[in-house]
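So you know, we letter chains A, B, ... as the sequences are listed, proteins then strands, and number each from 1.
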Amino acid sequence: MEVALSFVIGGLYAAGFYLVMRRNIVKLIIGLALLGHAANLLIFTMGRLTRGHPPVLHTWDTRLMPPFADPIPEALILTAIVIGFGVQAFATALIRRFYETVGSDDLDEMQSTDSLD
Amino acid sequence: MLLAVLSGFILALAEPGLFRMTGRKTGWLLSVFPVTLMLYFAQFTTSIASGEKLAFEYPWVSNLGVHLNFYLDGLSLLFVFLICGIGTLVFFYSGAYLTHHPELSRFYSFLLLFMASMLGLVLADNGIALFIFWELTSISSYLLIGFDHKREEARSAALQALLVTGTGGLALLAGLLLLGEAGGSLEISTLASLGDSIRLHPLYTPILLLVLAGAFTKSAQVPFHFWLPNAMEAPTPVSTYLHAATMVKAGIYLLARFTPILGGTELWMHLVLPVGGFTMLTGAYLALMHTDLKRILAYTTVSALGILTLLLGLGSTAAIQAALVLLLAHALYKGALFLVAGILDHETGTREAERLGGLLQSMPITALAAGLAALSSAGFPPFLGFVGKELMYQATLSTSQAYLLTGAAVLASASFVTAAGIVGFKPFFGKRTPFLREPHEAPFALWVGPLLLAVLGALFGLKPDLISERLIAPALSAIDAQAIFTEVVLWHGFDPKLLLSVGVFLAGITLYFGWSGIRRTLIPLDSSARWGPNQWYYASLKVLEGICRIQTRFLQSGHLHLYLLIVIMSTIVLVGSRLPEQDVLAGFWRWMDLRPYEAMLAGSILMAALMVVRSKSRLTAVVALGVVGYGVALVFLLFSAPDLAMTQFSIETLSVVLLVLVIFRLPRFKAYSTKMERTRDAAAALVSGGLFTALILAATAIEREARLVPYFAENALELARGRNVVNVILVDFRGFDTLGEITVLSVAAVGVYALLKLKAGKTGEEKSGKFLRKPP
Amino acid sequence: MQEVLYSIFMVTGAVFMCIAGLGILRMPDLFMRLSAATKASTLGVGFLLLAVAVKYPVIEIISRSLAIIVFVVLTAPIAAHMIGRAAYLSGIPLWKDSIVDRLCDRYDRCNLLLLGGENSPTSPERQDPE
Amino acid sequence: MKAFLSNILLAFTWVAVTGLFEPINFIIGFALAYVILWMIQRSTAPSNYFSKVYQVLSFSLFFGRELVKANLRVAHDIVTPYHHMRPGVVDIPLDVQTDEEITLLANLITLTPGTLSLDVSTDRKVLYIHAMYIDHVEEFRRSIKEGLERRVMEVLR
Amino acid sequence: MKLLLLFPILVPFLTAIASLLAWEHRHAQRFLNVAGASALLAAAVCLFSSVWENGIHAIQLGNWPAPFGITLVADLFSASMVVLAGLVGLAVSVYSLAGMDPGRENFGYYPLLHVLLMGVCGAFLTGDIFNLYVWFEVMLIASFVLLGLGGERAQLEGTIKYVTLNLISSALFLAAIGILYGVAGTLNMADLAMHCDIIIKSGLMTAIAMLFLVAFGIKAAIFPLFFWLPASYHTPPAPVSAIFAGLLTKVGVYALIRVFTLLFVHHVQYTHSLIVILAGLTMITGVLGAAAQMQFRRILSFHIISQIGYMILGLGLFTPLALAGSIFYIAHHIIVKTNLFLVSGVVHRLRGSYELKALGGLYISHPFLAFLFLVPALSLAGIPPLSGFWGKFILAKAGLQIKEYFIVTVALFVGLLTLFSMIKIWSEVFWKESPPADHDPGEISRPISRGSLFAFLSPIAFLASLTLLIGLAPEPVISFASRAAEQLLNPEEYIRTVLGGPI
Amino acid sequence: MNMQGLTLIIVVSLLSLAFVFAFIRMVCGPSLPDRVVALDLMSTVAIGIIGIYAIATGEPVFLDVAIILALVAFLGTIAFSYYLIRISHRENAEER
Amino acid sequence: MTSLILSTATRYLLPLLLLLSVHLLLRGHNEPGGGFVGGLVASAAFALYTLNAGIEKAKNIIRLDSKILISVGLIIAAGSGSFSLFFGKPFMTGMWLKENLPVIGKVGTPFLFDLGVYFVVIGVTLTIIFSLAEE
Ligand code: NA
Ligand code: NA
């Protein structure tokens with residue numbers, strides 16, 4: 001599955017990058033969300049994949065008996081997911097406010113902060 | 001010694017306070033300061049004259065080898081006297097000249113700043129310290145040229161001077177640093193003893209070029225001369241002090257100071273000599289092409305600086321001696337002439353040579369000062385100017401290219417005679433011209449300066465022994481330790497030099513009477529006004545601005561999607577550049593372990609992602625995004641991460657809800673980009689995706705030891721008392737991450753709230769409101 | 001016995017799931033897809049989780065399985081109702097062969113109030129077989 | 001409802017008293033409490049909590065049977081190539097009144113394959129449902145009213 | 001000693017929480033703000049002096065031995081960064097009392113400011129690569145909100161660009177961490193440093209290094225990844241742009257220096273030479289961009305980019321002196337650039353505009369302000385003997401020592417153009433006569449109270465005097481920078497202190 | 001291959017088939033409610049899969065995920081329908 | 001505008017889901033769950049209620065200002081981390097009660113930390129939902 005996942009992740013990165021390069025503000029946000037998924041899956045794959053052995057001790061064990069999945073990437077991803085959620089929520093509010101203020105969903109209409117004059 | 005140098009800076013800072021107490025009289029009060037300094041330095045005269053060299057060491061930034069080490073020898077002393085002496089007069093003069101200027105206090109501050117910097121420059125032994133003072137003179141010069149800052153011309157001239165001398169300054173810095181590398185020391189006195197090894201060092205050529213660039217820009221050598229006439233926007237005392245007597249001579253000082261280190265080579269001669277000669281002629285020619293008194297003086301200054309450079313380029317003992325005498329003579333007469341020009345401007349309201357005349361009756365003392373200074377400038381005996389010129393001819397005549405050099409010197413000198421006539425005599429003789437206001441003799445404070453300088457010029461000419469042994473000889477030995485000093489005398493007897501002088505006077509006087517005509521004939525033919533370096537300067541500023549605009553338009557285009565494209569392309573290039581060295585496909589055989597339902601899941605995620613990309617409806621895209629998210633959660637689940645799956649399911653749903661909350665307020669998707677843009681972006685996106693695939697394949701192919709895992713497996717229950725290792729990591733082993741993470745969440749919440757509640761235009765008086773409850 | 005029972009449950013559940021999937025694919029309008037999908041899948045999930053409970057007859061697993069069943073049974077009809085209602089309100093058309101629509105035009109669309117049948121006796125009907 | 005709550009409370013008390021925090025212990029406690037309550041209520045006040053248990057059970061059986069039957073009918077339609085549906089939206093006048101009753105009825109209708117509660121009129125007198133197999137509108141209304149609605153009222157009242 | 005490492009993170013955290021609790025009490029928040037910032041500075045100074053005297057500090061959070069838990073570690077470089085963060089934090093806090101409008105104050109400005117400081121200090125102090133990501137995110141989200149707070153059109157435009165590009169950076173950073181973990185199996189930076197050489201033979205390590213370079217490069221705004229900076233830094237209120245200008249990009253630079261001295265030192269030929277090239281391009285692009293601008297803060301923003309070039313130049317040259325130059329330059333730049341933005345805010349407050357064309361006459365009306373501008377402006381341009389000169393000097397010297405003549409030429413030339421830009425501002429804003437006002441007179445006529453004036457000018461004067469002080473007495477700063485550079489180039493002490501087990 | 005393995009394969013295949021059908025409906029639409037219903041069905045199928053997976057791996061902890069999934073999938077559907085109603089309401093309001 | 005059926009169901013679902021969320025929180029240290037998921041489930045419950053009853057009613061039943069909720073959560077988290085400082089241990093060292101508490105089981109500062117996370121997540125999610133849902 002690592003090989004298959006590497007292609008899934010590549011696909012997600014590609015889709016995410018493609019979407020953030022659109023001029024539509026909603027696509028931008030969606031693209032960022034896809035990139036988040038891609039990064040999380042990437043970390044997950046980096047912990048190597050283990051089927052069906054969560055890093056939870058059985059009630060009769062005093063230590064985790066192999067085989068078990070690497071718990072560290074899981075913890076990292078959990079953190080990353082939650083952080084991503086906060087950021088994504090802010091970005092969502094931002095595009096709403098942007099649309100209310102600017103009246104367009106076209107990112108190419110936001111040139112004023114980069115104009116030379 | 002340190003106090004002597006630094007007191008000027010301290011005084012510059014304290015001056016506004018002083019000014020508040022003493023008001024307009026501050027200038028006279030301040031002129032006491034340079035006098036004091038001069039007295040202080042005068043005490044060393046005797047020991048210096050007896051061949052001593054005084055070193056004063058003040059450690060400063062020892063880990064960079066930069067020290068405030070000072071070194072007092074004949075050369076420094078000569079300059080110190082110039083700086084202090086003329087400084088005194090300029091302060092004295094300024095009080096009267098700028099009496100009613102509202103920013104007089106700042107003027108004094110800047111002038112003090114300059115004076116102190118100049119002192120530091122000529123006294124510093126450490127190359128970097130020298131450079132620091134060098135730059136400070138540029139800055140204070142900038143502030144002084146732009147003193148009349150409301151005028152565009154003044155600002156632009158100040159900037160020009162700063163940029164030109166600043167560029168040279170940077171070159172100088174580089175040169176000094178290389179010199180430090182080559183010689184192993186930054187102390188000039190140490191380097192001077194290593195001259196031979198430096199001249200053979202492979203870095204000698206760049207060092208020389210860089211140092212000369214510094215010297216030439218500062219001393220207004222062609223083609224950098226144009227800033228000096230433009231700097232005449234400065235108040236006249238400034239022109240006198242900086243742009244005639246002292247600062248422009250810093251470049252000359254530098255040449256002289258570095259002669260023992262860098263001088264005496266073929267290259268030196270081939271660079272310095274022609275530049276000096278060319279500057280001399282250009283200045284002489286251009287001086288006659290102008291009618292503004294200050295400009296005429298400025299161009300003759302350029303010419304004089306050219307002469308000095310030329311002489312230092314020659315490098316023979318005679319040439320150096322001539323340069324030293326001329327340096328002093330020029331400072332005296334040019335200072336006086338500038339001050340006179342200032343008086344004329346002050347009293348008549350004009351500086352146009354063609355509109356001035358017949359002022360002798362109303363301004364006799366000024367006329368006297370002007371006349372004496374002009375005669376010295378023209379090289380009439382018995383003035384110091386004459387002595388200098390004679391020495392110059394002597395130096396040029398004894399070279400291998402005597403005819404060429406002497407001829408050029410003669411030409412320039414003739415122009416000097418003419419210019420002296422225009423500035424020193426024309427305003428006072430001839431027909432009285434009408435003026436806006438009735439001119440009177442200037443007050444004492446104004447005329448005493450020029451008169452004193454002019455008289456000194458005469459005095460030193462008549463009795464050269466006053467300076468010969470005490471000033472010139474030690475200065476000469478500072479530049480060339482082996483040099484054999486010949487007494488400076490007024491009268492060499494009847495020899496070719498005198499003949500040359502007589503010829504020069506005749507030519508100059510002829511030129512004087514034909515001046516207007518010649519000027520009018522030549523000006524239309526003269527293309528230097530249109531194609532000269534001044535125009536290059538402005539053209540290069542324009543080009544620079546154009547480049548800046550094009551570059552900025554191109555890079556900072558305002559199109560977010562282009563920014564992203566560039567970032568993504570950079571990632572591809574940077575990351576991809578070395579990846580091919582890795583055997584990316586080493587672990588590719590592992591695709592065999594793929595199970596059908598996993599393949600289905602992977603395919604679904606990819607399909608859904610594709611659907612997100614291709615969807616033409618906002619909400620459809622969001623639904624598909626939800627599928628991707630759920631798919632990812634299922635991956636987590638299938639590979640033993642129930643906590644992750646739970647969180648991912650919940651958060652995905654919440655995110656989708658939030659997205660829907662917002663998206664339904666936004667308009668439907670429209671196609672903004674062209675097909676070509678889409679193809680381009682898709683290509684970039686696909687390549688970057690492939691890059692990540694390759695990275696993952698490469699990384700997972702590496703057998704690695706998961707060093708942290710056994711510890712957690714062993715101790716999760718034992719020490720951290722939890723069976724769910726992931727949760728134990730989150731709240732205990734790596735709880736600090738989680739602390740940061742909930743901070744992020746909290747801030748995001750505050751952000752969403754504030755962003756949506758705080759509306760522009762209501763920012764001023766709006767009360768905060770509460771998070772949940774309605775505002776009362 | 002246990003083996004057989006849970007296998008039967010599992011297969012039954014999976015079959016119902018598959019039917020639900022087929023239903024959502026094949027039914028001609030949204031409302032029928034909804035009808036077909038929600039119920040069959042609820043039943044399918046029920047059987048599958050019963051299978052789990054039978055396979056591991058320990059209290060923790062039984063309780064969790066039952067909790068999931070109860071939860072799905074509680075929520076699925078509400079979700080179906082909500083999405084069906086939303087679809088109807090947003091004008092998703094009924095299948096062309098539908099025989100009756102008694103809800104059509106019963107909405108006071110300005111205020112989104114739904115009128116009762118008695119209050120509007122003359123309500124129009126799309127087609128009435130009677 | 002009250003009885004049920006007290007039952008649960010009692011079960012918790014049992015668990016606390018025994019100090020054995022295990023689900024099985026809770027079920028034991030619950031059963032015990034049920035018995036206790038049953039005995040108490042016999043002697044004190046009449047309640048239909050206990051007869052309700054039987055009604056609920058029998059209702060569940062009925063509903064389960066209906067569920068499977070209807071599912072099979074729809075399944076048949078789904079897997080066979082031709083559509084036999086006669087769908088439409090039908091209004092059902094309601095006799096049930098409280099929120100809980102209406103909701104339960106509507107959900108049960110929805111759970112039954114082939115029918116889907118769409119909306120309740122604002123005055124709560126009519127339930128609109130989408131049905132897949134309407135041979136006759138009136139007959140369909142009657143089948144709902146006499147089938148599910150009657151039983152819902154039985155259970156909840 | 002344990003607490004010293006913790007305080008720079010905990011103090012702003014607690015300040016932020018307290019301010020959050022005092023949501024409806026603006027004046028309490030103002031007080032907390034200054035108190036918190038002062039406490040942070042004090043804590044930072046204590047930490048620094050302790051590190052100076054006793055060497056590198058490390059604590060193992062949760063008492064878990066490294067590399068299993070998270071380690072906080074302060075070497076001279078990070079401790080000095082924390083001090084600078086404290087300095088800038090205090091300056092901006094005081095300045096905000098006058099320079100921030102009540103609307104934003106009521107909507108969480110102060111808590112956000114302190115969360116930002118918390119994130120910055122966290123990033124400086126952590127010894128764990130993933131924890132670094134977390135603090136980056138803390139800093140980022142706070143900066144997102146601060147940037148967008150108020151919701152003016154320009155702000156929103158700037159924020160969207162800023163957010164997007166920084167999130168791309170975060171995604172890359174995260175990926176880089178993931179891959180690094182995937183090949184090295186650990187997250188503690190000291191531990192990584194010990195185990196990175198297992199895989200140095202492969203091009204993969206370089207690829208990972210490049211991924212970090214891009215991720216941090218975006219945050220540090222190097223060429224060609226800087227676009228977010230000029231698009232956004234000039235849009236929020238002055239105190240916000242001041243603290244951004246002072247601290248944010250520097251965290252990126254810090255991270256670059258940290259990983260490219262500790263982790264990725266196996267292909268210096270390739271990686272660090274590349275950094276030198278990028279440094280040159282960054283300098284030039286930034287300074288040319290600035291020269292094209294005619295707005296106070298836009299000029300300053302582009303100059304940040306250009307100066308970032310100097311900072312990473314030292315890293316690329318990779319000699320002790322060059323690295324010391326980088327560190328010196330960072331310290332100098334934080335102080336100076338913050339100050340310049342603060343000055344721009346005062347100018348805006350006085351004249352109601354940031355446009356050079358609309359400004360003028362301040363040299364006559366506000367000579368003290370003019371002086372206070374000139375100090376950091378000339379320092380930025382590298383005019384001696386101000387702080388910037390020494391930074392440039394050290395870098396030039398270091399470059400010449402290893403015969404990198406071209407890049408030194410570029411650096412010196414860029415200094416000249418910087419001078420040009422600063423002089424342009426000086427000339428237009430201060431020297432030029434004030435053009436006839438065509439904007440809202442209400443904005444201008446609002447007089448500044450004495451208290452506000454003090455709040456405005458005291459931080460500016462303080463930072464300016466620091467600039468002067470460093471310029472006149474650079475020796476201590478240089479010797480600290482050299483020692484810090486030594487520590488960076490010889491990471492044995494760092495690694496030993498971190499992995500040495502719980503203290 | 002034992003009976004349990006065979007059953008599992010059959011069951012997983014059937015569930016996968018259901019998933020694919022729902023996925024196709026999600027892709028094809030045509031209306032938003034169609035996609036939402038499809039998503040809902042996919043979630044339900046996923047719950048079933050999780051159950052089977054718990055059996056196959058013998059790790060009951062996976063069942064907890066199913067509870068969460070059931071809850072959040074429900075919430076998602078409700079949110080979508082809520083906003084479908086809002087949109088149609090708004091559009092009606094605009095028409096007036 | 002809202003559905004009678006949904007609102008009735010929500011009345012029963014809300015307490016159920018909240019119980020579930022507390023359950024997830026309590027056992028997170030030993031089984032999948034914990035402060036995040038617990039908080040998210042609670043938020044989902046309130047979100048459901050909000051969709052059904054509107055923001056105003058939802059704000060009424062939660063009573064606590066969600067900013068306070070966030071602050072309290074942060075304080076609990078920071079406090080649980082700082083607790084060990086009083087015993088001379090590094091920040092965030094886990095400190096455990098010797099005796100197990102009923103239902104909750106082992107209680108220590110990591111659990112308190114998780115509780116802080118729980119509150120923060122609820123406060124944050126609610127703030128975001130309410131802000132975004134408002135017109
Ligand atoms: Na039904
Ligand atoms: Na957890």
Inset, instruction - Examine whether an atom of Tyr6(C) lies under 4.5 Å from a heavy atom of chain F, and if so say whether it belongs to the side chain, the backbone or both; otherwise answer neither. - result: side chain

Inset, instruction - Would you mind telling me which of Thr77(F), Leu75(F), Asp34(F) has the largest number of heavy-atom pairs within less than 4.5 Å of chain C? - result: Asp34(F)

Inset, instruction - Pick one of side chain, backbone, both or neither for Ile67(F), based on which atoms fall under 4.5 Å of a heavy atom in chain C. - result: both

N/O donor-acceptor pairs under 3.5 Å from side chains in residues 70-80 of chain C, not counting sequence neighbours:
| unit_1 | atom_1 | unit_2 | atom_2 | d |
| --- | --- | --- | --- | --- |
| Thr75(C) | OG1 | Phe71(C) | O | 2.9 |
| Thr75(C) | OG1 | Val72(C) | O | 3.4 |

Legend entry - When Pro33(F), Ala38(F), Cys28(F), Pro30(F) are compared by non-hydrogen pairs under 4.5 Å with chain C, the top option: Pro33(F)

Inset, instruction - Give, as side chain, backbone, both or neither, the part of Leu71(F) having an atom under 4.5 angstrom from any heavy atom of chain C. - result: both

Legend entry - Per-residue contact mode, Val45(C) against chain F (heavy atom under 4.5 angstrom): side chain

Inset, instruction - Please round to the nearest 0.5 Å and tell me the distance separating atom CZ of Arg25(F) and atom CE of Met27(C). - result: 11.0 Å

Inset, instruction - Run the numbers on Leu84(F) and Leu89(C) for side chain to side chain contact (heavy atoms under 4.5 Å, CB included), then give the verdict. - result: CA-CA 8 Å; Leu84(F) 272 168; Leu89(C) 273 171; over 6 Å; no

Legend entry - Portion of Val36(F) that has a non-hydrogen atom of chain C nearer than 4.5 angstrom: side chain

Inset, instruction - Please round to the nearest 0.5 Å and tell me the distance separating atom CD1 of Ile69(C) and atom CD1 of Ile47(F). - result: 11.0 Å

Inset, instruction - Report the option among Val15(C), Thr38(C), Leu30(C), Val11(C) that has the most heavy-atom pairs separated by less than 4.5 Å from atoms of chain F. - result: Leu30(C)

Inset, instruction - Working to the nearest 0.5 Å, report the span between CG of Leu48(C) and CG of Leu15(F). - result: 5.5 Å

Inset, instruction - Rounded to the nearest 0.5 Å, what's the gap from CD on Glu3(C) to OG1 on Thr7(F)? Could you check? - result: 7.5 Å

Inset, instruction - Look up atom NE2 in His81(C) and atom CD1 in Ile78(F), then write down how far apart they are to the nearest 0.5 Å. - result: 8.0 Å

Inset, instruction - Provide the closest heavy-atom pair for Leu17(F) versus Cys18(C) in the form atom of the first, atom of the second, distance. - result: CD2-SG, 3.8 Å

Legend entry - Euclidean distance, Met17(C) CE relative to Phe19(F) CZ, rounded to 0.5 Å: 11.5 Å

Legend entry - Non-hydrogen side-chain atoms of Ile24(C) and Ile24(F) separated by less than 4.5 Å: no

Inset, instruction - Give a yes or no answer on whether the side chain of Arg64(C) reaches the backbone of Leu63(F) with a donor-acceptor pair at less than 3.5 Å. - result: no

Legend entry - Contacting moiety of Ala54(F), where chain C heavy atoms sit under 4.5 Å: backbone

Legend entry - Which atom of Val37(F) lies closest to which atom of Ala37(C), heavy atoms considered: CG1-CB, 4.5 Å

Legend entry - Taking every non-hydrogen atom, the tightest pair across Ile92(C) and Ser31(F): CD1-CB, 3.5 Å

Inset, instruction - For residues Thr44(F) and Thr42(C), determine if any side-chain heavy atom of one lies less than 4.5 Å from a side-chain heavy atom of the other. - result: no

Inset, instruction - Could you tell me whether a side-chain N or O of Tyr56(C) sits under 3.5 Å from a main-chain N or O of Pro60(F), the two making a donor and an acceptor? - result: no

Inset, instruction - Check whether any side-chain heavy atom of Met10(C) lies under 4.5 Å from a side-chain heavy atom of Ile55(F), and answer yes or no. - result: yes

